[in-house]
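Comments concern the structure below.
Bear in mind that the values here come from a model prediction, so they are computed numbers and not experimental data. Residue indices begin at 1 and follow the sequence shown.
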Amino acid sequence: ARTSRRTTPRNTHAPTGKMAMNKHIVTFLKIVPLAIYLRAAACKYELPILGCDGPLCPVAIGKAGDCVPSANTAEQFAWCEHAWTPWTNGLLAQTPFDYRVKCSAKDGHEYARIIGAIEVVGYVLLWAAPQLGSFILTALMTGAIHFHLTFLKDKPEALVVQFALLAASVAVMLLSGEPAKKKKAKKA
């Protein structure tokens, strides 16, 4: 009987080479740009962390001012009530569904909280099911970019952060997939 001279196992589970690099890139993307979704969700739920409890910057709602919008709670609620809701309801009006979103103090900023929940679920799934989580965040940011371009009439060059988040989500989705398995050749 012939014995193998190979001293190391053929199939190891430790990522090597390109797989290890992909894993590090994905982890970096999950932490650095994509964690912004957690901050955005925290502000939608009025958590007084990371500047969410700051005042409304007039510039955030198109008025003159000497401040820089930070997407804090007050700004997100204003955007939700006066921009996100009319845009979404305009899209919903084109469907057979009889549903309209609401986002005011009277209804507890319901739509903002729904978006915040989607952001949290998407981010948590980045770690548990990376392709699903990144798909959710990709869909969310695609909608945000559509909103900026069609409703607010922003120029694409003004959406650097949004395009960066979209690219990071897509990269996580693509790099998190299982490597293609090599097909075994059939023996004749």
Side-chain angles (χ1 to χ4, degrees), residues 29 33-48 50-65 67-126 128-174:
L29 291 172
L34 296 177
I36 197 167
Y37 286 106
L38 291 181
R39 194 268 184 181
C43 291
K44 288 175 181 74
Y45 282 93
E46 302 178 78
L47 299 177
L50 302 170
C52 287
D53 53 349
L56 175 67
C57 171
V59 176
I61 54 173
K63 296 183 179 176
C67 55
V68 176
S70 65
N72 63 30
T73 298
E75 292 165 4
Q76 288 194 48
F77 285 173
W79 295 335
C80 186
E81 185 171 0
H82 302 291
W84 303 343
T85 298
W87 171 74
T88 304
N89 285 335
L91 293 175
L92 289 171
Q94 299 172 38
T95 70
F97 304 109
D98 186 26
Y99 183 77
R100 301 294 173 258
V101 296
K102 307 174 281 198
C103 196
S104 67
K106 187 170 73 173
D107 57 57
H109 299 98
E110 179 182 285
Y111 189 41
R113 301 203 195 269
I114 291 169
I115 294 171
I118 293 168
E119 290 167 336
V120 169
V121 167
Y123 188 78
V124 169
L125 284 174
L126 281 178
Q131 288 187 308
L132 179 58
S134 58
F135 175 77
I136 290 169
L137 297 179
T138 297
L140 193 66
M141 192 49 59
T142 301
I145 290 170
H146 180 270
F147 161 76
H148 278 275
L149 294 174
T150 63
F151 189 82
L152 296 180
K153 307 291 188 216
D154 287 336
K155 301 252 185 253
E157 55 270 15
L159 304 177
V160 174
V161 171
Q162 290 82 355
F163 281 114
L165 290 171
L166 179 65
S169 297
V170 169
V172 169
M173 190 181 337
L174 295 175

So do Cys57 and Val68 actually touch side chain to side chain, heavy atoms under 4.5 Å? no

By side-chain contact (heavy atoms from CB on, under 4.5 Å) - contacts of Thr85 (at least two apart): Cys80, Asn89, Val101, Cys103, Tyr111

Restricting to side-chain contact (heavy atoms from CB on, under 4.5 Å), what partner residues turn up for Ala171, sequence neighbours left out? Leu29

d(Leu166 CG, Leu159 CG) to nearest 0.5 Å is 11.0 Å

How about Leu126 and Tyr37: do any of their side-chain heavy atoms sit closer than 4.5 Å? no

Applying side-chain contact (heavy atoms from CB on, under 4.5 Å), name anything that partners Pro55, two or more places apart in sequence or on another chain. none

Between CG on residue Asp53 and OG1 on residue Thr73, distance to nearest 0.5 Å: 7.5 Å

For His146, give me all partners under ring pair (Phe, Tyr, Trp, His ring centres under 6.0 Å), at least two apart in sequence or on another chain. Trp87

Could you list all the salt bridge (Lys or Arg N to Asp or Glu O under 4.0 Å) pairs where at least one residue sits in residues 75-103, not counting sequence neighbours? Lys102-Glu110

Contacts of Asp107 that satisfy side-chain hydrogen bond (donor to acceptor under 3.5 Å, both in side chains) - sequence neighbours left out: Ser104

Report, one line per pair, each donor and acceptor closer than 3.5 Å where one atom sits in a side chain of residues 38-46; sequence neighbours left out.
from, atom 1, to, atom 2, distance (Å)
Arg39, NE, Leu50, O, 3.1
Arg39, NH1, Ser70, O, 2.7
Arg39, NH1, Ala71, O, 3.0
Arg39, NH2, Leu50, O, 3.1
Arg39, NH2, Ser70, O, 3.3
Lys44, NZ, Gln76, OE1, 2.6
Lys44, NZ, Glu119, OE1, 3.2
Lys44, NZ, Glu119, OE2, 3.1
Tyr45, OH, Arg113, O, 2.7
Glu46, OE2, Arg113, NH2, 2.5

Could you name each residue pair satisfying salt bridge (Lys or Arg N to Asp or Glu O under 4.0 Å) that touches residues 146-168, not counting sequence neighbours? none

For Cys52 and Asn72, the nearest pair of non-hydrogen atoms, with its separation, is O-CB, 3.4 Å

Taking only residues two or more places apart in sequence, or in another chain, which ones meet Pro156 in a side-chain contact (heavy atoms from CB on, under 4.5 Å)? Leu149, Phe163

For Ala74 and Gly54 the tightest heavy-atom approach is CB-O, 4.1 Å

N/O donor-acceptor pairs under 3.5 Å from side chains in residues 129-143, not counting sequence neighbours:
from, atom 1, to, atom 2, distance (Å)
Gln131, NE2, Met173, O, 3.1
Ser134, OG, Pro130, O, 2.8
Ser134, OG, Gln131, O, 3.1
Ser134, OG, Met173, N, 3.3
Thr138, OG1, Ser134, O, 2.7
Thr142, OG1, Thr138, O, 2.7

Distance, nearest 0.5 Å, that separates OG1 of Thr88 from CD1 of Ile114: 10.0 Å

